[in-house]
Asks: 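Pasting in a structure now, in structure tokens, and then I'll have a few things to ask.
Note: hydrogens, waters and symmetry copies are ignored here, and every other heavy atom, side chains too, is used. Every chain is numbered from 1, with letters handed out A, B, ... down the list of sequences.
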Protein chains: 2
Amino acid sequence: MNTKLSHTDIKQLLSDHGLKSTSQRIVIYGVLNSLATHPTTEEVYSCIRDEHPSISLATVYKTLETFVSVGICRKVMSKSGTMRYDRNVSDHGHIYCENTEEIIDYEDSELDALLADYFSRKKISNLKIKEIKIQINGDKIDLRKKIQVL
Amino acid sequence: MNTKLSHTDIKQLLSDHGLKSTSQRIVIYGVLNSLATHPTTEEVYSCIRDEHPSISLATVYKTLETFVSVGICRKVMSKSGTMRYDRNVSDHGHIYCENTEEIIDYEDSELDALLADYFSRKKISNLKIKEIKIQINGDKIDLRKKIQVL
DNA sequence: GTGCTTGCAAACCGTTTGCAAGGAT
DNA sequence: ATCCTTGCAAACGGTTTGCAAGCAC
């Protein structure tokens with residue numbers, strides 16, 4: 001799922017999406033891809049700062065936005081209203097842990113099928129549906145344990 | 001659904017929820033209740049300003065937050081990250097129109113039943129589910145026509 | 001060489017806060 | 001009389017912007 005990508009892989013990915021491969025973009029994409037979480041811009045920035053102190057926060061903002069615009073990552077909104085980035089571009093829902101603030105991916109083909117079937121029957125007139133997302137809000141019971149999807 | 005409430009009705013509602021009925025709260029709740037949309041704080045404020053210029057923006061912020069905390073309205077996040085308020089406290093999903101920025105309520109008991117059934121079978125371990133929300137993103141086809149739910 | 005990308009600092013905007021005055025119970 | 005609520009203005013935090021220098025192509 002989050003395979004570690006080489007420099008060359010990332011260069012390829014960027015140019016495949018019509019982006020110049022600058023060193024900043026390569027570093028930023030590398031970090032985003034390596035994180036299992038849904039980091040904020042600041043979080044990405046602080047992961048980078050030690051090794052690449054010359055990359056500015058503004059560049060991280062702009063770069064992540066560029067990635068979203070070409071479709072190599074997504075933007076998710078946290079409950080508090082700050083944006084978080086998600087390297088998982090496939091269609092999926094999110095679990096919002098209210099006590100830990102975590103956002104966890106939720107993917108299940110059965111659910112997808114269920115919703116696709118439901119919405120093919122129920123029509124919402126005058127609307128072209130582009131995306132259907134599930135948001136599950138809850139509390140993590142044992143704070144030390146990972147949430148297991150499925 | 002959004003019956004017009006009298007002054008006295010609102011006073012009653014406020015005290016039922018343990019809130020002092022100040023004139024500001026009555027005005028703000030009245031506006032929120034009368035709007036069919038999901039207004040931002042600024043929108044509520046500008047609806048009020050003409051008739052009640054002495055009510056400050058900060059009060060509108062604080063008051064709406066108070067309403068959420070006692071459960072007489074809800075907070076929804078718009079795509080851009082600004083908060084919007086929803087007088088509909090019953091469990092329901094939202095339709096996000098990407099071309100008009102509108103947020104429209106979506107309620108259907110069949111969908112609720114479908115999801116309840118699905119999640120009673122699928123277990124997410126280590127999570128206590130508190131709420132499941134559906135978000136439908138799409139484009140309004142005819143900008144002049146209202147979206148009809150169902 | 002050209003046009004996109006970067007770094008910097010300042011501006012921005014929605015929201016929150018501290019505090020003193022005012023008001024509901 | 002008490003404690004909550006309000007208005008004001010200042011602060012805040014995340015994000016965006018304008019611009020000059022730098023870099024990929």
Asks: More than 12 non-hydrogen atoms from neighbouring residues, nucleotides or ligands closer than 6.0 Å to NZ on Lys133(B), yes or no?
Replies: yes
Asks: Which residues in residues 59-75 of chain B have at least one heavy atom lying under 4.0 Å from any atom of DNA chain C?
Replies: Tyr61(B), Lys62(B)
Asks: Any luck finding a side-chain donor-acceptor pair between Thr63(A) and Thr59(A) under 3.5 Å?
Replies: no
Asks: Whether the side chain of Arg84(A) engages the backbone of His38(A) through a donor-acceptor N/O pair (distance < 3.5 Å, no angle test) should be reported.
Replies: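 Present.
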Asks: A quick test of your reading: do over 12 heavy atoms of other residues, nucleotides or ligands sit less than 6.0 Å from NZ of Lys79(A)?
Replies: yes
Asks: What is the 5' to 3' range of DNA chain C, first to last nucleotide, that sits under 4.0 Å from any heavy atom of chain B?
Replies: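 Going 5' to 3' along DNA chain C, contacts run dG14(C) to dT25(C).
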Asks: Tell me the interatomic distance from Glu42(A), atom CD, to dT16(D), atom P, rounded to whole angstroms.
Replies: 12 Å
Asks: Would you kindly give the CG-to-P distance between Leu57(B) and dT5(D), to the nearest whole Å?
Replies: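 Spelled out: CG on Leu57(B) to P on dT5(D) is 19 Å.
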Asks: Once you round it to whole Å, what is the distance between P of dT15(D) and OH of Tyr45(A)?
Replies: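 Atom OH in Tyr45(A) sits about 14 Å away from atom P in dT15(D).
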Asks: Just wondering, do Ile124(A) and Phe119(A) contact through their side chains at under 4.5 Å, heavy atoms?
Replies: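 They are in side-chain contact.
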Asks: Looking at Arg87(A) and Cys73(A), would you say the former's side chain and the latter's main chain have a donor-acceptor pair under 3.5 Å?
Replies: no
Asks: Just how large is the angle between the end axes of the helix from dG1(C)-dC25(D) to dT25(C)-dA1(D), five pairs per end, to 10 degrees?
Replies: 40°
Asks: Can you tell me if Lys128(A) has over 12 outside heavy atoms packed within less than 6.0 Å of its NZ?
Replies: no
Asks: Is the NE2 atom of His7(A) crowded by more than 12 outside heavy atoms at less than 6.0 Å?
Replies: no
Asks: Just so I know, are the side chains of Lys75(A) and Glu65(A) near enough to count as touching, which here means a heavy-atom distance under 4.5 Å?
Replies: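 With C-beta onward as the side chain, the pair touches.
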Asks: Using heavy atoms to find the nearest nucleotide of DNA chain C for Gly18(A) and Thr40(B) separately, return the residue whose nucleotide is more 5′.
Replies: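 Mapping each residue to its closest nucleotide by heavy atoms, the 5'-most match is Gly18(A).
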Asks: Kindly compute the distance separating OG (Ser6(A)) from CG (Asp9(A)), expressed to the nearest 0.5 Å.
Replies: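 One gets 3.0 Å once the value is rounded to the nearest 0.5 Å.
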Asks: Side chains of Thr66(A) and Arg25(A), heavy atoms from C-beta outward: is any pair under 4.5 Å?
Replies: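 Side-chain contact under 4.5 Å: yes.
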Asks: With Lys130(A), which residues qualify under side-chain contact (heavy atoms from CB on, under 4.5 Å), at least two apart?
Replies: Glu98(B), Asp139(B)
Asks: Who pairs with Val149(B) by side-chain contact (heavy atoms from CB on, under 4.5 Å), at least two apart in sequence or on another chain?
Replies: Ile95(B), Ile104(B), Tyr106(B)
Asks: Hey, what are the protein-to-nucleotides 22-25 of chain D N/O distances that come in under 3.5 Å?
Replies:
from, atom 1, to, atom 2, distance (Å)
dC25(D), OP1, Ser21(A), N, 3.3
dC25(D), OP1, Ser21(A), OG, 3.3

